[in-house]
Amino acid sequence: MAKKLQWKRSDKFAFGLWTVMNRGRDPFGPETRPPLSGIEAIRGLGERDVYGFEYHDNDLWPMDATPAKKRSIINEAKRAMKAAGILCTAATTNLFSHPVFKDGAFTSHDPRVRAYAVQKVMANIDVAAELGAEVYIYWGGREGAEVDIGKDPIEAMKRFRDAINFLCEYVMANGYKMVFSLEPKPNEPRSNIYLATAGHALAFIATLDHPEMVGVNPEYAHVKMAGLSPLHEYAQALEAGKLVDIHLNAQEPLRFDQDMSFAADNPKEALLVVKLLTDYGYAGTKAFDCHPYRTEAAPWDFVERNMRAYKLLEAKVEEVNADTRLCAMLEELTVADEGGWNQVLAAYTPKNADKLKVAKFNPEKLAQRTLLYEQIDLRLTELLLGAR
Ligand code: GLT
Ligand code: MN
């Protein structure tokens, strides 16, 4: 394998422990792979030069673990991390598997369930801080509804907000160095999940007591399930300074949650995402959140292919950015600003408004400008397919 294409820890790749622990169960059939413990998952990822892992509390210890059992698992995880040279980059809480959360956690009608959910998160935030995680994710899988008349969506937002506000204060009160991250998803397992897209999440964050403590980690496949553009979601979050983590994978649009490996469906779209992250110097971890195909006997080919795909696309981005033909055509899209309009549009002033009011434009003439998008797209396709 070309050296450049071999991933290194410095690439900051991460995997959710649950991705390699996934055993291939789906709604139509049982597990096809043997179990893997959280500790074995940490070791296996570390052995493959993965930079970090993300975990749910119950990926590591069962919900009914005694305090002593939980402590011994956490200690073992710390030893495994040290031995394998892998970091814990993000943590999250399982607020979706147990039937207690069947109608939501933070948005449950039952205040006891909401309190239990917040308590479960607080307990894991303590562990996350001990393991060194600096990002804490909320994927509200059960926060949604099938019967909307039975669940006021405005009330649900208020409950969600109260929970996040409470937990922000908890992190501050403990002096933890940790930011929160909301992970949007439009549906599955609920018919409709609240905070369905990055846009919903960003708008919600602005209503929190500590918006500076909360960002988003859009998942590529979740965006595609909503029929939207992962590139645009990542870009909007990045531009807002809110992209604190990313979940990479692949997904045919508007289907059930397929959770395929990164770039498995649409390499051009994946390329543009890697280009965005590269060009704008995204510095967070790049976490893969997908599952090995059900036909795999072990998760390790899956782990390697995700990182390899990212490195291939990264090398391709370098080629694309250096391609003189493509660069020349992209350059042609820009227009010399002879009228000084960029400066006028950059800020409202009475003077700028006056200048604009009296300006003469010829829309017919402006519309005659041709744009080389067919040729540009073809060139990108040539580069992607390795044609000369
Ligand atoms: C679950 C979901 C993911 C979330 C995880 C975080 S769990 O597997 O499908 O997208 O990132 O809770
Ligand atoms: Mn995810």
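Since we're looking at a predicted model, the values are computed, not measured. When a ligand or atom number is given, it counts from 1 through the structure's own listing order. One is the number of the first residue; the rest follow in order along the sequence.
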Worksheet item: Within 45° of the ring axis of W7 and under 6.0 Å from its six-membered ring centre, is that where the NZ or CZ of K12 lies?
Response: no
Response to the item:
Exactly one candidate in I137, V179, V216 meets side-chain contact (heavy atoms from CB on, under 4.5 Å) with V244; the answer is V179
Worksheet item: Can you tell which of V274, L272, V273 makes a side-chain contact (heavy atoms from CB on, under 4.5 Å) with V317?
Response: V274
Worksheet item: How about H222: does one of its N, O or S atoms come closer than 2.8 Å to the Mn ion (ligand 2)?
Response: no
Worksheet item: Which single N/O/S atom of E183 lies at minimum distance from the Mn ion (ligand 2)?
Response: OE2
Practice prompt. Tell me which N, O or S atom of H247 sits nearest to the Mn ion (ligand 2).
Written response: ND1
Worksheet entry | Any side-chain heavy-atom pair of Q251 and E219 under 4.5 Å | no
Discussion item. Working to 10°, measure the angle at the Mn ion (ligand 2) formed by atom OE1 of E219 and atom OD2 of D289.
Written reply: 90°
Item to complete: Salt-bridge test for E76 and R79: reply yes if a basic N is under 4.0 Å from a carboxylate O, no otherwise.
Response: no
Fill in: Presence of salt bridge, E296 and R33, under 4.0 angstrom
no
Worksheet entry | Residue pairs passing the ring-ring contact (aromatic ring centres under 6.0 Å, His included) test where at least one lies in residues 35-54, sequence neighbours excluded | none
Worksheet item: What residues sit with at least one heavy atom under 4.0 Å from ligand 1?
Response: W18, H56, T92, F96, W139, E183, E219, H222, H247, D289
Practice prompt. For the pair R159 (side chain) and S108 (backbone), establish whether a donor and an acceptor sit closer than 3.5 Å, ignoring hydrogens and angles.
Written response: yes
